[in-house]
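Scroll down for the structure; my scribbles are underneath it.
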Amino acid sequence: MTLVSVLQTSTHINDKPTSILIQPFADRVLVLVTQLGKVGNLIQASLPSTIPLSPPDDVQSLPPPPPALHLTTLLGSAPSSHMKSLHSLYASQIATLIWLHESSGAVEALRRSIIVGLALHPSTNHDDANINEDERETFYSIMDMLKRLLSSSST
């Protein structure tokens, strides 16, 4: 099911207004995830169409991002190495969800690159090595928002 129109949703996650916008283009898909009302750091995810995607084991799980996935920072940068790792995790997972959604159609087209814009509130209590519980909850809530938004475009 190739994305052809703009999709958008908003909700509150951990008392922070959070919005997702998906804008498909002929050669790429732009996904903006913001809690700050701006575009934020732009990261491009690309994967050759010859690399197979693995669907999740069950409906509730997230699909594993393929090891061959390539991330390129296009604009901006994360304020710390911890946030850079977190942004990479977001971009990889968002791209994988969109690619799986697009490959669910009868004819799989050329796999488009996904450009992810991230503008998230930084967590106040974390160490650089681990993701804390607030960051984990925000991540899974955003992925759930994205999955619901994508499934609504299928109907």
Problem - Given Pro64, Ser54, Pro63, the one that forms side-chain contact (heavy atoms from CB on, under 4.5 Å) with Thr96 - result: Pro63
Handout entry: Joint cluster assignment, Leu100 & Ile51, ILVMFWY side-chain distance < 4.5 Å
Key = yes
Exercise for the section: Scan side-chain atoms only and decide if Glu135 and His82 contain a donor-acceptor pair under the 3.5 Å cut-off. Expected result: yes
Exercise for the section: Report yes if some heavy atom in the side chain of Phe139 is under 4.5 Å from a heavy atom in the side chain of Leu86; otherwise report no. Expected result: no
Problem - Reported NE2-to-CG distance for the pair His87 and Leu120, which is rounded to 0.5 angstrom - result: 5.0 Å
Handout entry: Heavy-atom side-chain proximity of Met143 to Leu97 below 4.5 angstrom
Key = yes
Exercise for the section: Evaluate whether atom NZ of Lys147 has more than 12 neighbouring non-hydrogen atoms of other residues, nucleotides or ligands under 6.0 angstrom away. Expected result: yes
Problem - Residues Ser10 and Ser19: side-chain donor-acceptor under 3.5 angstrom - result: yes
Exercise for the section: Could you walk me through whether Ile114 and Gln44 pass side-chain contact (heavy atoms from CB on, under 4.5 Å), step by step? Expected result: CA-CA 6 Å; Ile114 311 296; Gln44 179 172 286; over 6 Å; no
Practice task
Determine whether Leu42 and Ile142 fall in the same hydrophobic cluster, where Ile, Leu, Val, Met, Phe, Trp and Tyr are linked whenever their side-chain heavy atoms lie under 4.5 Å apart.
Solution key: no
Practice task
For the residue pair Gln8 and Ile22, establish whether any side-chain heavy-atom pair is separated by less than 4.5 Å.
Solution key: no
Practice task
Determine, stepwise, if the pair Met145 / Thr11 fulfils side-chain contact (heavy atoms from CB on, under 4.5 Å).
Solution key: CA-CA 8 Å; Met145 278 177 71; Thr11 193; 3.3 Å; yes
Problem - No-hydrogen, no-angle side-chain donor-acceptor test under 3.5 Å, Thr72 and His70 - result: yes
Handout entry: Leu150 side chain near Leu146 side chain, heavy-atom distance below 4.5 Å
Key = yes
